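Have a look at the structure below, then the notes.
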Amino acid sequence: MHELGLAENVIAAVGSDARRRGFTRVSRVTLRVGEWSAVLPDSLEAGFHLLASLEGDLFAGTELRIEREPARGICTACGSTFPAGRTGLVCPACGGPGRLESGVELEIASYEGE
């Protein structure tokens, strides 16, 4: 379950930035997780809440939002963009090879607090 390590990194990054900015509480963290990122959102969320509960007041009651980013490809032959989730990286327009344009990201989109 590498999601626990990912959750640990998210909490460390958000916590460090929030403390530097003088926050006493983080109320919400929003993550952007790509369709092909090999991250299980339910496991990430469970790990996040487990580790957040150990952080004390800064993460008490923090909401975690996970926004799923669809995998998108771009055809290297015709330049069309297409959803990569259904066809893999074969262009549905011309059958040419595609490369992944998005869908593997795992990033902190934002956090809120006071």
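Since the structure is predicted, the reported quantities are computational estimates derived from the model, not experimental observations.
Here the straight-line distance linking atom CD of E3 with atom CG of L106 works out to 9.5 Å at 0.5 Å rounding. How far CG of L6 is from CD1 of I11: 11.5 Å, rounded to the nearest 0.5 Å. Between atom OG of residue S27 and atom CZ of residue F59 there is a gap of 10.5 Å, rounded to the nearest 0.5 Å. Distance check, rounded to the nearest 0.5 Å: CD of E45 to CG of L31 gives 9.5 Å. Note: E112 CD to T62 OG1 = 11.0 Å, rounded to the nearest 0.5 Å. Rounding to the nearest 0.5 Å places CD of E101 at 12.0 Å from SG of C75.
The closest donor-acceptor contact from the side chain of S53 to the backbone of L50 lies under 3.5 Å. Checking side-chain atoms of E35 against main-chain N and O of A71 turns up a donor-acceptor pair under 3.5 Å. In terms of modelled atom types and a separation under 3.5 Å, the side chain of E105 and the main chain of G103 share a donor-acceptor contact.
The two atoms that bring V104 and L100 nearest to each other are CG1-CD2, 3.4 Å, heavy atoms only. Between L4 and G47, the closest heavy-atom pair is CD1-CA, 3.8 Å. When all heavy atoms are compared, the tightest approach of A84 to L89 is CB-CD2, 4.1 Å. Of all heavy-atom pairs spanning E63 and R28, the tightest one is OE1-NE, 3.0 Å. The shortest heavy-atom contact between A38 and H2 is O-NE2, 2.9 Å. Across I74 and G79, no two heavy atoms sit closer than the pair CG1-O, 3.8 Å.
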*Could you go step by step and tell me if F82 and V90 meet the side chain to side chain contact (heavy atoms under 4.5 Å, CB included) rule?*
CA-CA 9 Å; F82 55 90; V90 176; over 6 Å; no

*Hey, mind stepping through S80 and C94 against side chain to side chain contact (heavy atoms under 4.5 Å, CB included) and telling me if it holds?*
CA-CA 9 Å; S80 296; C94 74; over 6 Å; no

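Between R19 and E55, at least one side-chain N (NZ, or NE/NH1/NH2) sits under 4.0 Å from a carboxylate O, which counts as a salt bridge.
Residue L40 is not grouped with residue I66 when hydrophobic side chains (ILVMFWY) are merged at heavy-atom distances under 4.5 angstrom, including chains of intermediate members.
For R21, the side chain to side chain contact (heavy atoms under 4.5 Å, CB included) partners are D17, F23, Y111, not counting sequence neighbours. Qualifying salt bridge (charged side-chain N to carboxylate O under 4.0 Å, His left out) partners for E67, counting only residues two or more places apart in sequence or in other chains: R32. With sequence neighbours excluded, the residues that form a side chain to side chain contact (heavy atoms under 4.5 Å, CB included) with S110 are T30.
No donor-acceptor contact under 3.5 angstrom links the side chains of T76 and R99, judged on distance only.
In this structure, E69 and S102 have side chains that are not in contact, with every pair of non-hydrogen atoms separated by 4.5 Å or more. Counting heavy atoms from C-beta on, the side chains of T24 and L58 never come closer than 4.5 Å.
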